[in-house]
Amino acid sequence: MSKGILIVVSGFSGAGKGTITKELVKRYENYCLSVSATSRKPREGEVEGRDYFYKTREEFESMIENDELLEHAQYVGNYYGTPKKYVEDCINAGRDVILEIEVQGALQIKKKVPEAVTIFMTTPTIAILKQRLIGRGTETLEVIEQRLKRAKEEAEYMTQYDYIIVNDDLEECVTGLNDLLASLHSRVSNNEEFISSIKKQLQEI
Ligand code: 5GP
């Protein structure tokens, strides 16, 4: 059985990463969505273990010390990180794992796991991004300003990603992303075991 692909999805806050990745996992069976740990407080409607594992700063720091995280970063004053075990279990079971993380974490993953696929998601324009952040109504204006400032910094890293996805229409975005990810299974680097098996069979004739 071939291993699953590690997929990193980043993008500006408000670009729709969460909606798109959740929809992808709901519709197609082969994906696992990694649940991150964070020191941020839950937003209304968020659920422990589904949206995040909510930790105190001290708990988060002990996860770092115990090497339980594949990557971690600070974002607008809070810690965020990817628990290692779930990701490794999914990959070894041949499933594709999606990490929805910010740029510092994405760069750490690319260094550790060069075969990971990195995708940057954006709205078609920044005016639309601002509108979505305000319309979401989950953050104060001050936090929205911080997130837009952060978007400016994040844009500097866009060229380091493998793919850009423009989230204009949810439906197109979900099917487009699934097609892209499915095609990656045809990469030679994802089929090394299969290639070895074919060669072995040829030696036996
Ligand atoms: P939010 O507070 O809006 O849920 O997330 C803020 C940012 O943190 C988003 O860009 C999100 O992708 C990122 N994020 C969520 N989980 C992780 C994680 O495990 N690691 C890193 N590096 N970033 C994360």
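Remember, it's 1-based here, ligands and their atoms both numbered in the order they're listed.
Under a 4.0 angstrom heavy-atom cut-off, G81 registers as being in contact with ligand 1. For Q104, the heavy-atom gap to ligand 1 stays at 4.0 angstrom or more.
In terms of polar-atom proximity, Y75 is not counted as a contact of ligand 1, lacking any N or O under 3.5 Å from an N or O of the ligand. Taking only nitrogen or oxygen atoms, main chain and side chain alike, G11 does not reach within less than 3.5 Å of ligand 1. Taking only nitrogen or oxygen atoms, main chain and side chain alike, E100 reaches within less than 3.5 Å of ligand 1.
Protein heavy atom in closest approach to atom 4 (O) of ligand 1: Y52 OH, 2.5 Å. If you check which protein heavy atom lies closest to atom 23 (N) of ligand 1, you get E102 N, 3.1 Å. Protein heavy atom in closest approach to atom 16 (N) of ligand 1: S36 OG, 3.0 Å. Of all protein heavy atoms, the one lying nearest to atom 20 (N) of ligand 1 is E71 OE2, 2.7 Å.
Close approach to A73 involves these atoms of ligand 1, each under 4.0 Å from a residue heavy atom: 22 (N). Near G105, meaning under 4.0 Å from any of its heavy atoms, are these atoms of ligand 1: 22 (N). Under a 4.0 Å criterion applied to the non-hydrogen atoms of T82, ligand 1 contributes the atoms 19 (O).
Within a 6.0 Å radius of CZ in F53, other residues, nucleotides and ligands contribute more than 12 heavy atoms. E204 CD: more than 12 foreign heavy atoms inside a 6.0 Å radius. Around atom CD of E153, more than 12 heavy atoms belonging to other residues, nucleotides or ligands sit under 6.0 Å away. Open room surrounds NZ on K149; 12 or fewer heavy atoms of other groups in view lie less than 6.0 Å from it. Shown here is E48, whose CD atom has more than 12 heavy atoms of other residues, nucleotides or ligands within 6.0 Å.
By heavy-atom distance, the residue among K17, R40, R43, H72 lying nearest atom 3 (O) of ligand 1 is R43.
Nearest heavy atom pair, residue Q108 against residue H72, reads NE2-O, 2.7 Å.
S197 and Q201 share a side-chain donor-acceptor pair at under 3.5 Å.
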Listed pairs under 3.5 Å, donor-acceptor, residues 56-68 side chains, sequence neighbours left out:
unit_1: T56; atom_1: OG1; unit_2: E59; atom_2: N; d: 3.0
unit_1: R57; atom_1: NH1; unit_2: G77; atom_2: O; d: 3.2
unit_1: E59; atom_1: OE1; unit_2: T56; atom_2: N; d: 2.9
unit_1: E61; atom_1: OE2; unit_2: Y79; atom_2: OH; d: 2.8
unit_1: S62; atom_1: OG; unit_2: E59; atom_2: O; d: 3.0
unit_1: N66; atom_1: ND2; unit_2: S62; atom_2: O; d: 3.2
unit_1: N66; atom_1: ND2; unit_2: E68; atom_2: OE2; d: 3.4
unit_1: D67; atom_1: OD1; unit_2: K84; atom_2: NZ; d: 3.2
unit_1: D67; atom_1: OD2; unit_2: K84; atom_2: NZ; d: 3.1

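The only member of R40, K41, E46 that meets side chain to side chain donor-acceptor pair (under 3.5 Å) when paired with Y54 is E46.
With a 4.0 Å heavy-atom cut-off, ligand 1 is reached by the side chain of R147 but not by its N, CA, C or O.
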